[in-house]
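For the single chain, residues carry numbers from 1 onward in sequence order.
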Amino acid sequence: MKQSYIYILKCNDNSYYTGMTSNLTQRIFQHEIGYFQECYTYKRRPIKLAFYAEFTDITLAIQKEKQIKKWSRAKKEALINGEFDLLPGLAKKKF
């Protein structure tokens with residue numbers, strides 16, 4: 001089975017970028033050199049790989065990437081820091 005990866009980059013402006021690829025090393029290199037000028041990270045270099053996860057099911061990888069893209073900064077940082085017990089609480093809406 002082909003591996004897929006979701007990843008979170010921390011950009012030079014302290015924002016986060018979430019993406020998905022089948023070749024993590026190559027994709028990070030592309031972000032670093034600004035291979036795609038239209039990419040969010042192009043003007044926010046240098047970037048740093050903050051988190052990645054490996055998947056054998058590309059459908060699940062795509063689903064998780066879309067899910068993480070919608071998360072708040074606090075929730076992404078909890079994931080990056082391995083604070084998995086905080087994730088459910090950060091998902092709750094405060095009315």
Side-chain angles (χ1 to χ4, degrees):
M1 274 190 187
K2 190 170 185 176
Q3 300 297 312
S4 297
Y5 302 87
I6 58 168
Y7 60 93
I8 300 175
L9 303 177
K10 187 167 187 178
C11 300
N12 192 40
D13 65 356
N14 287 320
S15 64
Y16 290 110
Y17 173 83
T18 303
M20 191 201 76
T21 185
S22 61
N23 187 330
L24 185 60
T25 304
Q26 177 183 350
R27 188 65 183 113
I28 297 304
F29 178 71
Q30 290 172 334
H31 282 292
E32 288 174 341
I33 66 167
Y35 187 78
F36 298 107
Q37 290 185 7
E38 69 279 0
C39 185
Y40 177 85
T41 60
Y42 182 79
K43 293 183 179 179
R44 293 169 173 86
R45 293 175 290 151
I47 52 95
K48 177 184 171 193
L49 179 62
F51 173 84
Y52 75 93
E54 188 175 328
F55 293 83
T56 55
D57 180 347
I58 192 166
T59 304
L60 182 57
I62 292 168
Q63 176 187 358
K64 291 300 174 188
E65 178 205 17
K66 288 179 180 180
Q67 181 182 28
I68 292 170
K69 282 185 176 208
K70 295 176 185 176
W71 286 3
S72 67
R73 179 178 183 86
K75 192 166 181 176
K76 288 177 187 175
E77 288 179 345
L79 178 65
I80 290 165
N81 295 326
E83 299 171 323
F84 307 116
D85 55 321
L86 298 179
L87 295 176
L90 292 168
K92 295 178 183 172
K93 294 184 180 183
K94 296 177 172 74
F95 294 98

Student: Which one of Tyr7, Tyr40, Tyr42 satisfies the side-chain hydrogen bond (donor to acceptor under 3.5 Å, both in side chains) criterion with His31?
Tutor: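 Considering Tyr7, Tyr40, Tyr42, a side-chain hydrogen bond (donor to acceptor under 3.5 Å, both in side chains) with His31 is found only for Tyr7.
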
Student: Using the rule that Ile, Leu, Val, Met, Phe, Trp and Tyr join whenever any side-chain heavy atoms are under 4.5 Å apart, tell me whether Trp71 and Ile6 fall into a single cluster.
Tutor: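 Yes.
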
Student: Could you list the donor-acceptor pairs under 3.5 angstrom formed between side-chain atoms of residues 74-85 and any protein atom two or more places apart in sequence or on another chain?
Tutor:
unit_1	atom_1	unit_2	atom_2	d
Glu77	OE2	Tyr16	OH	3.0
Glu77	OE2	Arg73	NE	3.2
Glu77	OE2	Arg73	NH2	3.4
Asn81	ND2	Glu77	O	3.0

Student: Quick check: is Ile8 connected to Ile62 through a chain of hydrophobic side chains (ILVMFWY, heavy atoms under 4.5 Å apart)?
Tutor: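 In one cluster with Ile62: Ile8, yes.
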
Student: Within this structure, what is the OG-CG distance for the pair Ser4 and Asn23, rounded to the nearest 0.5 Å?
Tutor: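 Here the rounded value is 11.0 Å.
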
Student: Looking at CD of Glu65 and OG1 of Thr21, how far apart are the two atoms once the value is rounded to the nearest 0.5 Å?
Tutor: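 If I round to the nearest 0.5 Å, the distance is 10.0 Å.
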
Student: Out of curiosity, Ile33 CD1 to Ile28 CD1, how far, rounded to the nearest 0.5 Å?
Tutor: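 The CD1 atom of Ile33 sits 12.0 Å away from the CD1 atom of Ile28.
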
Student: Working to the nearest 0.5 Å, report the span between OG1 of Thr25 and OH of Tyr5.
Tutor: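 Between Thr25 OG1 and Tyr5 OH, I get 7.5 Å after rounding to 0.5 Å.
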
Student: Contact between Met20 and Ile58 at the side-chain level, heavy atoms closer than 4.5 Å - yes or no?
Tutor: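 Result yes, sub-4.5 Å side-chain heavy-atom pair found.
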
Student: Looking at NZ of Lys69 and NZ of Lys66, how far apart are the two atoms once the value is rounded to the nearest 0.5 Å?
Tutor: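 The NZ atom of Lys66 is 9.5 Å from NZ of Lys69, to the nearest 0.5 Å.
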
Student: Please give me the minimum heavy-atom distance between Asp57 and Thr59, naming the atom from each residue.
Tutor: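 Between these two residues, the closest heavy atoms are OD1-N, 2.9 Å.
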
Student: Is there a path from Leu9 to Leu24 through hydrophobic residues (I, L, V, M, F, W, Y) whose side chains come within less than 4.5 Å of each other?
Tutor: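 Leu9 clusters together with Leu24.
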
Student: Would you say Ile47 and Asn12 make side-chain contact, with heavy atoms under 4.5 Å?
Tutor: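 Heavy-atom side-chain distance check fails, nothing below 4.5 Å.
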
Student: If you look only at pairs with a residue in residues 9-38, which of them pass as a salt bridge (Lys or Arg N to Asp or Glu O under 4.0 Å), with sequence neighbours excluded?
Tutor: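 As it turns out, the salt bridge (Lys or Arg N to Asp or Glu O under 4.0 Å) pairs with a partner in residues 9-38, which skip direct neighbours, are Asp13-Arg44.
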
Student: Do Tyr17 and Tyr52 belong to the same hydrophobic cluster, where Ile, Leu, Val, Met, Phe, Trp and Tyr are linked whenever their side-chain heavy atoms lie under 4.5 Å apart, directly or via other members?
Tutor: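 Same hydrophobic cluster.
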
Student: Could you walk me through whether Gln3 and Thr56 pass the side-chain contact (heavy atoms from CB on, under 4.5 Å) test, one step at a time?
Tutor: CA-CA 5 Å; Gln3 300 297 312; Thr56 55; 3.5 Å; yes

Student: Can you tell me how far CD of Gln67 sits from CG of Leu60, rounded to the nearest 0.5 angstrom?
Tutor: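 Rounded to the nearest 0.5 Å, the CG-CD separation comes out at 9.5 Å.
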
Student: For atom CZ of Phe36, is the number of surrounding heavy atoms from other residues, nucleotides or ligands below 6.0 Å larger than 12?
Tutor: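 For Phe36, atom CZ is crowded (more than 12 foreign heavy atoms under 6.0 Å).
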
